[in-house]
Colleague: 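Structure provided below as structure tokens; questions to follow.
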Amino acid sequence: MKKMLFIAVALVMALNVAAQEKQVVEFTENTYDFGTVKEEDGKVSHVFTFTNISQSPITVTNVRASCGCTTPNWSRQPVMPGEQGVVTATYSASGRPGNFHKSITVTLSNGTENFTVVLYIKGQVTPREQKQ
């Protein structure tokens, strides 16, 4: 009896993990490295492209940046199966010399379930030259 209960619990846990890892979109990349950017250049942007690999339309319902220095923008219309959508991350380098590593949390929905993908941007901002 204990063995059957253990198997049942293990099966439920396995199904739960499989459901959480279900992919509905495929991003061409999850991390973008800006490399070295100059502080005086101000804002730098990167467009993350994704493909809907599910059988139903996908809508990006929310995109949240880890700080106020990063501004997200995204496809507002539903993305049909096989079609592409975008999430744009704009980082403001002005006043932020040094290394940066920021996350962008993307929430997607197929109408019945929500899915989350985390994207990253990173780089190094060289400080502007000080006037003497």
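Worth saying up front: this structure is predicted, and the values here are computed from it rather than measured. Below, all heavy atoms of this structure are taken into account, side chains as well, without hydrogens, waters or symmetry copies.
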Colleague: Nearest 0.5 angstrom please: Ser66 OG to Phe100 CZ, how far?
Modeller: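 One finds 11.0 Å between OG of Ser66 and CZ of Phe100.
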Colleague: Taking the side chain as every heavy atom from C-beta outward, state whether Val25 and Ile58 have any pair of such atoms under 4.5 Å apart.
Modeller: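 Yes, side chains in contact.
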Colleague: Answer yes or no: is there a side-chain heavy-atom contact under 4.5 Å between Thr31 and Lys122?
Modeller: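 Side chain of Thr31 against side chain of Lys122, heavy atoms only: contact under 4.5 Å found.
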Colleague: Measuring only between side-chain heavy atoms, which start at C-beta, is Arg128 closer than 4.5 Å to Ser94?
Modeller: yes
Colleague: Run the side chain to side chain contact (heavy atoms under 4.5 Å, CB included) test on Ile121 and Phe48 for me, step by step, so that the C-alpha distance in whole Å, both residues' side-chain angles and the decisive distance to 0.1 Å come before the verdict.
Modeller: CA-CA 10 Å; Ile121 57 172; Phe48 291 94; 3.9 Å; yes
Colleague: Mind running side chain to side chain contact (heavy atoms under 4.5 Å, CB included) on Gln23 and Ile53 for me, showing each step along the way?
Modeller: CA-CA 8 Å; Gln23 276 192 304; Ile53 59 172; 4.1 Å; yes
Colleague: For the pair Glu39 (side chain) and Pro97 (backbone), establish whether a donor and an acceptor sit closer than 3.5 Å, ignoring hydrogens and angles.
Modeller: no
Colleague: Between Asn110 (side chain) and Ser56 (backbone), is there a donor-acceptor pair under 3.5 Å?
Modeller: no
Colleague: Decide yes or no on side chain to side chain contact (heavy atoms under 4.5 Å, CB included) for Thr105 and Thr116, but give the supporting numbers first.
Modeller: CA-CA 7 Å; Thr105 303; Thr116 302; 3.5 Å; yes
Colleague: Could you pull out all residues at least two apart from Tyr32 that satisfy ring-ring contact (aromatic ring centres under 6.0 Å, His included)?
Modeller: Phe34, His46
Colleague: Less than 4.5 Å apart, any side-chain heavy atom of Lys43 and any of Ser92?
Modeller: yes
Colleague: Checking side chain to side chain contact (heavy atoms under 4.5 Å, CB included) for the pair His101/Tyr120: CA distance, chi angles, key distance, verdict?
Modeller: CA-CA 7 Å; His101 190 269; Tyr120 299 94; 3.6 Å; yes
Colleague: Side chains of Leu119 and Val106: closer than 4.5 Å at any heavy-atom pair?
Modeller: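 They are in side-chain contact.
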Colleague: Give a yes or no answer on whether the side chain of Ser75 reaches the backbone of Gly85 with a donor-acceptor pair at less than 3.5 Å.
Modeller: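 Judged by distance alone, no pair lies under 3.5 Å.
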Colleague: At their closest point, which heavy atom of Thr61 faces which heavy atom of Leu108, and how far apart are they?
Modeller: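 Thr61 and Leu108 have their closest heavy atoms at OG1-N, 4.2 Å.
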Colleague: Drop me the distance from Asn52's CG to Glu26's CD, to the nearest 0.5 angstrom.
Modeller: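 The distance works out to 11.0 Å.
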Colleague: Quick one: CD on Gln124 to CG on Asn99, what's the gap to the nearest 0.5 Å?
Modeller: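 Atom-to-atom, Gln124:CD and Asn99:CG are 4.5 Å apart.
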Colleague: If I compare all heavy atoms of Pro81 with all of Pro57, which pair ends up nearest, and what's the gap?
Modeller: CD-N, 4.1 Å
Colleague: Listed by chain and number, what are the side-chain hydrogen bond (donor to acceptor under 3.5 Å, both in side chains) partners of Thr90, not counting sequence neighbours?
Modeller: Ser45
Colleague: On a heavy-atom basis, which atom in Thr51 and which in Gly82 lie closest, and how many Å separate them?
Modeller: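 Heavy-atom minimum between the residues: CG2-O, 3.9 Å.
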Colleague: Within a radius of less than 6.0 Å around NZ of Lys38, do more than 12 heavy atoms belonging to other residues, nucleotides or ligands occur?
Modeller: no
Colleague: Hey, is the main chain of Gly111 close enough, under 3.5 Å, to the side chain of Ser109 for a donor-acceptor pair?
Modeller: yes
Colleague: Which heavy atom of Thr126 sits nearest to which heavy atom of Thr36, and what is that distance?
Modeller: CG2-CG2, 3.3 Å
Colleague: Using only atom types and a distance under 3.5 Å, with no angle test, would you say the side chain of Thr88 pairs donor to acceptor with the backbone of Pro72?
Modeller: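 The answer is no, because no donor-acceptor pair under 3.5 Å joins these two groups.
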Colleague: Evaluate the ring planes of Phe50 and Phe27, with Trp represented by its six-membered ring, and classify them as parallel (under 30°), tilted (30 to 60°) or perpendicular (over 60°).
Modeller: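 Rings of Phe50 and Phe27: tilted, 30 to 60°.
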